[in-house]
Amino acid sequence: MWEQNIRQVVPYVPGEQPKDENKIKLNTNEFPYPPSPKVLQALQDVSLDSLRLYPDPAVVDLRQALADAYQVELEQVFVGVGSDDVIANAFLTFFHSEKPILFPDITYSFYDVWADLFRIPYKTKALDENFHMRKEDYYEENGGIIFPNPNAPTGIGEGLGFIEDILQHNPNSVVIVDEAYVDFGGSSALPLLEKYENLLVVQTFSKSRALAGMRIGYAFGNKKLIGYLNAVKFSFNSYTMNRTSIAAGVACVQDNRYFEEMVQKVITTRERTKKALQELGFSFPDSTSNFIFATHKSVPAEELFEALKQAHIYVRYFKKPRIDNYLRITIGTDAEMDTLLAFLETYLKGR
Ligand code: PMP
């Protein structure tokens with residue numbers, strides 16, 4: 001019975017990537033506008049001949065570009081193939097205790113999958129009735145802590161004081177703050193790096209930097225912490241980042257003006273969408289991310305999800321306790337949000 005000796009896991013299921021040509025895709029929190037034109041230029045500058053060679057295993061160009069942009073040192077930066085890769089490596093490196101790691105019950109649904117994959121014991125902590133984390137839940141002994149800030153799928157961001165309180169209560173474990181959505185109005189834990197050597201801050205190019213297709217994630221920590229992370233990474237696969245991703249990433253980080261302008265545009269659309277959804281009878285926790293987690297006062301979320309899909313509008317629906325009457329709606333372009341809102345208005349009226 002060979003099946004007794006294999007690792008059997010229940011995998012994470014990412015949001016759908018529909019083939020539908022006329023779709024409006026608001027289901028996986030991608031950025032609605034293209035990346036900086038400088039990224040295209042950088043890709044064109046990658047010579048075919050250079051692809052014969054392995055990329056720089058230390059990815060110095062991209063790490064240095066990030067170090068310059070965020071004013072940290074090169075040795076404080078780790079990069080990987082999307083923040084999923086960064087976080088998976090961080091689980092493997094930092095969560096190596098018999099004690100359970102802690103994370104919220106409603107959160108990024110990859111955390112429990114990695115914990116199971118790596119045989120890491122874990123405990124989830126229930127969000128309060130308003131979907132906020134309770135800091136006191138993270139005071140007990142643990143083997144590590146991870147949470148997104150802003151949280152997903154709720155969109156709620158906690159302040160710096162909240163994060164610092166958790167760090168103060170946990171000098172004996174690594175605290176990972178997953179900042180996939182922080183650029184849309186959250187408070188980054190980056191200023192706390194100097195004070196807490198057990199803090200890892202993870203970010204990504206997939207959301208605010210419009211490069212989900214390139215797969216680039218990164219993390220900041222103190223040099224010792226990043227050193228441990230690199231040792232594990234280089235024990236697993238040395239060359240994870242390819243030359244084209246590295247070139248695109250460098251060009252992207254260097255065009256800060258474009259980045260800030262486009263992020264602002266999405267924030268403006270989000271605020272307008274919040275008002276319009278409220279007028280249609282939706283409510284939601286106040287989002288500081290590029291999505292809104294909305295519930296309707298009378299129409300079930302699952303019904304709306306199916307109706308939207310019929311209309312080629314894809315949003316995310318999680319059939320899980322406590323959140324099965326919510327839709328997670330990514331902020332698209334103004335035109336896409338107008339189509340969504342018009343559809344909802346007509347549908348709700350005709351029901
Ligand atoms: N963290 C959170 C909270 C996310 O929602 C996502 C996106 N699915 C990720 C990490 C991973 O994103 P990526 O691997 O594209 O950087």
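In what follows, residues are counted from 1 in the order of the sequence shown. In each ligand, atom 1 is the first atom listed, and ligand 1 is the first ligand listed. Side chains are part of it too, since the values below use all heavy atoms of this structure and drop only hydrogens, waters and symmetry mates.
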* Asked: Does Phe147 have its ring centroid less than 6.0 Å away from the ring centroid of Tyr108?
  ->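 Distance test on ring centres: not under 6.0 Å, no.
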* Asked: Are Phe205 and Phe259 close enough that their ring centers fall under 6.0 Å?
  ->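 Phe205 vs Phe259: aromatic centres not under 6.0 Å.
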* Pair Tyr139-Gln168, side-chain donor/acceptor within less than 3.5 Å ->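 Judged by distance alone, the side chains do not pair up.
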* Asked: For residues Asn29 and Tyr181, is any side-chain donor paired with an opposing acceptor at under 3.5 Å?
  ->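 The answer is yes; a qualifying pair exists.
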Does a side-chain N-to-carboxylate-O contact under 4.0 Å join [X] and [Y]?
X      : Y      : answer
Asp183 : Arg209 : no
Glu140 : Lys123 : yes
Asp116 : Arg119 : no

Where ligand 1 meets [X] - atom numbers and elements under 4.0 angstrom, heavy-atom basis:
X      : value
Arg215 : 13 (P), 14 (O), 15 (O)
Gly82  : 14 (O), 16 (O)
Lys207 : 7 (C), 8 (N)
Ala180 : 1 (N), 2 (C)

* Just distances here: any N/O of Tyr111 and N/O of ligand 1 closer than 3.5 Å? ->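 Such a contact does not occur with ligand 1.
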* Does Tyr181 have a non-hydrogen atom less than 4.0 Å from ligand 1? ->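 Under 4.0 Å: yes for Tyr181.
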Report, one line per pair, each donor and acceptor closer than 3.5 Å where one atom sits in a side chain of residues 274-281; sequence neighbours left out.
{"unit_1": "Lys274", "atom_1": "NZ", "unit_2": "Glu271", "atom_2": "OE2", "d": "2.9"}
{"unit_1": "Lys274", "atom_1": "NZ", "unit_2": "Asp286", "atom_2": "OD1", "d": "2.7"}
{"unit_1": "Lys274", "atom_1": "NZ", "unit_2": "Ser287", "atom_2": "O", "d": "3.0"}

Starting from [atom], find the nearest protein heavy-atom neighbour and note its residue, name and distance.
atom                    : value
atom 1 (N) of ligand 1  : Asp178 OD2, 2.6 Å
atom 8 (N) of ligand 1  : Tyr108 OH, 3.2 Å
atom 15 (O) of ligand 1 : Ser206 OG, 2.6 Å
atom 12 (O) of ligand 1 : Ser83 OG, 3.3 Å
atom 11 (C) of ligand 1 : Asp84 OD1, 3.1 Å

